[in-house]
Amino acid sequence: MGTTQVEYDAALQQARTGFDEGGIPIGAALWRDGQLLGVGRNRRMQQGSAILHGEIDCLNTVGRLTDYRGTTLYTTLSPCSMCAGAIALFQIPEVIVGEATTFPGEIEFLRERGVRVEVIDDPVATDLLARFAANNPEAWSEDIGGR
């Protein structure tokens, strides 16, 4: 298990784009065998959606796959219970997480289901989320379920 900067940067760029749009800066990218299958970002603010988290937007962008074997999902923040449920449902075998300090998410839930999870402690993702949360505390609280 491991990450390459190019693969993770696809998710990080989505987080930056979301931040620039005034949205919650969480990005995701799904890769298989060095091929980018799709990217997404949290679009709850931009689209007034209750469920468009970064991982969900990414999976929606990828579209229907019959088999997720060999895929790795890169996400800038630890997945919440909804996103972790989608990862478990589709049996995505590996998740690389940018940071889990701002929000610890459901890493143990994923590991209990056999998903390999690596947290890389990316200071850029942590900074983006901290800036968003400081300037938009209500939106941040709503996005993570009022925690």
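Remember, it's a predicted structure, so these values are computed and weren't measured experimentally.
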Do I120 and L128 belong together in a cluster built from hydrophobic side chains that touch within less than 4.5 Å? yes

Are T75 and E55 close enough that a side-chain donor and a side-chain acceptor fall under 3.5 Å? yes

V39, L52: one ILVMFWY side-chain cluster at the under-4.5 Å cut-off? no

What's the spacing between I87 CD1 and L30 CG if we round to 0.5 Å? 9.5 Å

Axial cation check for F109 ring with R113, 6.0 Å and 45° limits: yes

Student check: side-chain heavy atoms of C83 and I56 closer than 4.5 Å: yes

From H53 atom NE2 to L77 atom CG, the distance as rounded to the nearest 0.5 Å: 10.0 Å

For a quick test of reading the model, state the closest non-hydrogen atom pair linking F103 to W140 and the distance between them. CB-CZ2, 4.3 Å

V119 versus T101: any side-chain heavy-atom pair under 4.5 Å? no

Passing candidate, side chain to side chain contact (heavy atoms under 4.5 Å, CB included) with V117, options E106, R111, E94, E108: R111

State, to 0.1 Å, how close W31 and V6 come at their nearest heavy-atom pair, and which atoms those are. CZ2-O, 4.1 Å

Between N136 and F132 (side chain of the first, backbone of the second, donor and acceptor by atom type, cut-off under 3.5 Å), is there such a pair? yes

Mind listing the closest non-hydrogen atom pair of P79 and A84 along with its distance? CB-N, 4.0 Å

Rounded at 0.5 Å granularity, tell me how far CD in Q91 sits from CG in L89. 8.0 Å

I'd like to know if E21 and R41 make a salt bridge, using a cut-off of under 4.0 Å between side-chain N and carboxylate O. yes

If you define the side chain from C-beta out and look only at heavy atoms, does anything of E118 sit under 4.5 Å from V97? no

Test side-chain contact (heavy atoms from CB on, under 4.5 Å) on I24 and M45 and set out the steps. CA-CA 7 Å; I24 301 162; M45 304 275 297; 4.0 Å; yes

Under the 3.5 angstrom rule, does the side chain of T76 hit a backbone N or O of A125 as a donor-acceptor pair? no

D9 and Q5: side-chain donor and acceptor closer than 3.5 Å? yes

Quickly, which of L129, T17, V124 forms a side chain to side chain contact (heavy atoms under 4.5 Å, CB included) with P25? Name it, please. L129

Would you give the length of the straight line joining atom CD1 of I51 to atom CG of N42, rounded to the nearest 0.5 angstrom? 11.5 Å

Rounded to the nearest 0.5 Å, what's the gap from CG on L59 to CZ on F90? Could you check? 6.5 Å

For P93 and G70, work out which heavy atoms get closest and say how close. CG-N, 3.9 Å

Tightest non-hydrogen contact, residues L110 and A88, listed as CD2-N, 4.5 Å

Spacing of I96 atom CD1 and R116 atom CZ [to the nearest 0.5 Å]: 9.0 Å

Could you tell me whether a side-chain N or O of S141 sits under 3.5 Å from a main-chain N or O of P137, the two making a donor and an acceptor? no

Is it the case that the side chains of E7 and Y74 hold a donor-acceptor pair, with the cut-off being a distance below 3.5 Å and no angle test? yes

For Q35 and R32, run side-chain contact (heavy atoms from CB on, under 4.5 Å): C-alpha distance rounded to whole Å, both residues' side-chain angles, the deciding distance at 0.1 Å, then the answer. CA-CA 5 Å; Q35 178 184 4; R32 179 186 289 155; 5.5 Å; no

Are the side chain of T71 and the backbone N or O of Y68 linked by a donor-acceptor pair below 3.5 Å? yes

Are any of the side-chain nitrogens in R16 or D20 under 4.0 Å away from the carboxylate oxygens of its partner? no

What's the shortest heavy-atom distance between S78 and I107, and which atoms? OG-CG1, 3.3 Å

Any donor and acceptor pair, going by atom type alone, linking the side chain of S49 with main-chain N or O of R44 inside 3.5 Å? no

